[in-house]
Amino acid sequence: MKQTSNIAIIASTDRALVLAGTIRQSLSDVAIFSTRKDIPAGVISIDTIGSFLQENFNQYNAFLFIGALGICVRSIAPYIKDKNTDPAILNMDDHGYFVQPVLSGHTGGANTLARQVAHILGAQAVITTSSDLQDIWALDTLGKQYAWKTAATAPLNTVISLFVNNHPTALLLDVKAEGTTWLEKTKPDFVTVFYNINDIPLEQFDLLIAVTFRKYTVAIPVLHYHPAALHIGMGCSRDIESDLLEVSVLEQLQQQGLAAEAVKSIASIDIKHDEKAFIALADKWQIPFYTYTAAALNECEVPNPSPVVKDKLDVYSVSEASAYLSSGNDGWLVEKQKITVSSGKKHTIAVALDAALERRAQVAIVGAGPGDPALVAVRGKELLERADLILYAGSLVPEELTHYAKEGAVVRNSASMTLEEQISLMEEHYAKGHLIVRLQSGDPSIYGAIQEQMTIFDEKGMDYFIVPGISSFQAAAAVLKSEFTIPEVVQTIILTRGEGNTPLPEHEKLQEMARHRATMCIFLSATIAKNVQAQLLEHYPPETPVAVLYRVTWKDERVFTGQLQELAAIIRSNKLTRTALIIVGAAIGARKNRSHLYNPEWKHIFRNQKTKSGNLKINK
């Protein structure tokens, strides 16, 4: 999409000049032109709109006409050629009520600029592009948005027509990237997502959109978006002909069903750094040409090592190893092929997929938050919506969180499963390339029992990552309407538990932690409340505020407050045994102390001027 800068505003009335000046204050690189005789400073005088456009129609990215729409249309008519090259054209009335894109709404950015101008003036952007009005993907600019090359098996207008008329559309995602994640999240109702071409019942769809490194020929129109994804490794006879090499590479890609538009790099051994055919192909395709030392290539384990190549170049592999190094992937879409071109010269070729784009299985350890489904992180919610398998501890995580699961996802409560049974189920889905969500209560880093799981994932080579969550101690602070760090009272929060069946390290005994009189958040200790109370009373005063929160933020949440000397009685009388969090400290409910941060007498880098009587001095 063209940038919405280098904008020419053509203002034909006094009101139009005022509006143009306001727009120029908010947008960069704006020039104002007018045919009026008395014009303010900064406005450029032109004889006629027609003569100005004749000389400058292709010199600006966008033209904004302020005046009658008819003048705009008649003025631009002689110069319109193609939506892919025409500048963005907009028209606005000189009262500033309506801003309307006239040409190049998507490709030229007129729709975006119209919204910008409307926001500046409080006007109404009049957008007539169907995809914008439906809030669906703009297929003609989607590729540019993510630097994907676009190719269609039918005229693009036919493809767009099918899409904006909401025909059943299959979306095939052969790669995983920022753009594909966005497509999954924003797909219209008439679009169904697939990850394997063989899973698509093509007879049920009128259009296939594929984000892919492959080429598909099927009975329905296909719109291909090709990310830069393929790394080609090659060796060759010295001075192989450039044109013959290119033809051979294209033939190999076509035979393998791979898209030349998706090639990201060419690579070889460093003694080929000056090979003219490699350099010419890289220049023509506008991709980098990498070379690697023999030592680097020999570090790679390849499926087809060659003793012959080792004798000649002191390496076991050129094509496969260089594709391995440039892609970062230890697998190959095309293993080494030996080809002889028509001149009799030879070359080898191997192709690997960029590891960063490979759609492979993953395990996401997701913090479920304290209980309320609305408090799960946005990224956690998105993963739950996309997951193929969700494992959650039903005793600690509300079942409502699994309602985010997509149709067809496997959802299992792990409360009755052993670790071995959980891992076995995850392995089964991992082998299929699925996304697995292990839903942990609160934040996984706090009593999450994830260390043993991650150890097994590491041993088995399973890819995993962690999404943090809101801990129950943070939810407790919100429910209690308390700040757990109060100036000059308490500045430390201790997260710990009492000593039950699992012993505590000697230097972390509860009574030792109590010496600090910090705000103490005590997990997993309701059943030993009497011992907890006794240990805390060794250092906290008996009247220290205490709160006990049962299943905080759940639908059946209960909150009890009192003094530390009442802690055991509170837990006993309310029959609390599990999922109860104990908070102890002077910060509970405290309101009196004031922070220096917003004190008018306190200097800091964002407000360095002392003031008196609470009046703030504003530097202008």
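Only this structure's heavy atoms are used, side chains among them; waters, hydrogens and symmetry mates stay out. If you read the sequence from its start, that first residue is 1, and numbering goes on from there.
- The CZ atom of F213 sits 5.0 Å away from atom CG of L333, with the distance rounded to the nearest 0.5 Å.
- Here the straight-line distance linking atom CG of L401 with atom CG of D372 works out to 8.5 Å at 0.5 Å rounding.
- Annotation: side chain of L208 is not in contact with side chain of P221 (no heavy-atom distance under 4.5 Å).
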- request: List the steps and the verdict of side-chain contact (heavy atoms from CB on, under 4.5 Å) for I7 and L27.
  value: CA-CA 9 Å; I7 302 165; L27 294 178; 4.1 Å; yes
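- Side-chain contact annotation: S472 with R551, donor-acceptor N/O pair under 3.5 Å absent.
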query: Where do L357 and K176 land on the side-chain contact (heavy atoms from CB on, under 4.5 Å) test, with the steps shown first?
result: CA-CA 5 Å; L357 296 177; K176 184 177 182 180; over 6 Å; no
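- Taking the centre of each ring, F205 and F194 come in below the 6.0 Å mark.
- Side-chain atoms of S327 come within 3.5 Å of backbone N or O of A323 as a donor-acceptor pair.
- Side-chain contact check for I232 versus S265: every heavy-atom pair is 4.5 Å or farther apart.
- Across E320 and W332, no two heavy atoms sit closer than the pair O-NE1, 2.9 Å.
- By the 4.5 Å heavy-atom criterion applied to side chains, I9 and I23 are counted as neighbours.
- Taking a 6.0 Å sphere around CZ of R412, one finds it holds 12 or fewer heavy atoms contributed by other residues, nucleotides or ligands.
- Side chains of Q145 and L142 form a contact here, defined as non-hydrogen atoms less than 4.5 Å apart.
- Enclosure of atom CD in E203 by more than 12 non-hydrogen atoms of other residues, nucleotides or ligands within 6.0 angstrom is indicated.
- Here the side chain of D443 pairs no donor or acceptor atom with the backbone of G367 at under 3.5 angstrom.
- Using a 4.5 Å heavy-atom cutoff, the side chains of L230 and K264 are not in contact.
- Taking the side chain as every heavy atom from C-beta outward, S326 and Y292 approach each other to under 4.5 Å.
- For residues 456-478, every residue pair satisfying the salt bridge (charged side-chain N to carboxylate O under 4.0 Å, His left out) rule, not counting sequence neighbours, is listed here: E427-K460.
- By the 30° and 60° cut-offs, the orientation of the rings of W182 relative to Y146 is tilted.
- Side-chain atoms of D93 come within 3.5 Å of backbone N or O of G96 as a donor-acceptor pair.
- With hydrogens and angles ignored, the 3.5 Å screen pairs a side-chain donor or acceptor of Q474 with a backbone N or O of S471.
- Residues A387 and V437 come closest through the heavy atom pair CB-CG2, 3.6 Å.
- Residues K149 and H224 have side chains that never bring a donor and an acceptor to within less than 3.5 angstrom of each other.
- Residues P373 and V376 come closest through the heavy atom pair O-CG1, 3.3 Å.
- The two residues Q440 and Q453 have their closest heavy-atom pair at OE1-NE2, 3.2 Å.
- For Q451, the CD atom sits in a loose shell: 12 or fewer heavy atoms of surrounding residues, nucleotides or ligands are nearer than 6.0 Å.
- L202 contributes atom CG, which lies 5.0 Å from atom CD1 of I220 (distance to the nearest 0.5 angstrom).
- For the pair L391 and L439, the minimum side-chain heavy-atom distance is 4.5 Å or more.
- Between Y225 and W148, the two ring planes are tilted [angle within 30° to 60°].
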- request: Please step through side-chain contact (heavy atoms from CB on, under 4.5 Å) for the pair L419 and E452, ending with a clear verdict.
  value: CA-CA 9 Å; L419 176 61; E452 59 185 7; 3.9 Å; yes
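- Side-chain atoms of R359 do not come within 3.5 Å of backbone N or O of Y195 as any donor-acceptor pair.
- Using a 4.5 Å heavy-atom cutoff, the side chains of I209 and L207 are in contact.
- Residues E246 and W285 have side chains that bring a donor and an acceptor to within less than 3.5 angstrom of each other.
- Side-chain contact, T212 with D174: a donor N or O sits under 3.5 Å from an acceptor N or O.
- Looking at S268, its side chain does come within 3.5 Å of a backbone N or O of M234 through a donor-acceptor pair.
- Interatomic distance, CG of L495 versus OH of Y447, reported as 7.0 Å (0.5 Å rounding).
- Looking at H434 and D388, their side chains never bring a donor and an acceptor atom within 3.5 Å of each other.
- The two residues P87 and N58 make their nearest non-hydrogen contact at CD-OD1, 4.4 Å.
- The side-chain contact (heavy atoms from CB on, under 4.5 Å) test with Y430 singles out one residue from I423, I436, L425, and that residue is I436.
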query: Taking it one step at a time, do K81 and D86 satisfy salt bridge (charged side-chain N to carboxylate O under 4.0 Å, His left out)?
result: CA-CA 6 Å; K81 293 182 179 178; D86 291 336; over 6 Å; no
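- Side-chain N or O atoms of N196 include one that pairs as donor or acceptor with a backbone N or O of N198 at under 3.5 Å.
- Of the inter-residue distances, the one linking Y392 atom OH with L384 atom CG reads 12.0 Å to the nearest 0.5 angstrom.
- Sorted by first then second residue, the salt bridge (charged side-chain N to carboxylate O under 4.0 Å, His left out) pairs that include residues 186-198, not counting sequence neighbours, number zero.
- We find the CG-CZ distance between N329 and R360 to be 6.0 Å, quoted to the nearest 0.5 Å.
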Steps toward salt bridge (charged side-chain N to carboxylate O under 4.0 Å, His left out) verdict (K215, E261): CA-CA 10 Å; K215 285 289 189 183; E261 296 93 332; 3.1 Å; yes
field: Pair E335-S319, side-chain contact (heavy atoms from CB on, under 4.5 Å): steps then yes or no
entry: CA-CA 9 Å; E335 294 184 0; S319 59; over 6 Å; no
For residues 249-259, run the donor-acceptor check on the side chains, cut-off 3.5 Å, and write out each pair with its distance to 0.1 Å, sequence neighbours left out.
none

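- Closest approach of V479 to V552, counting heavy atoms only: CG2-CG2, 3.6 Å.
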task: Would you check, one step at a time, whether the test salt bridge (charged side-chain N to carboxylate O under 4.0 Å, His left out) holds for R386 with E382?
output: CA-CA 6 Å; R386 293 167 42 214; E382 291 174 350; 5.9 Å; no
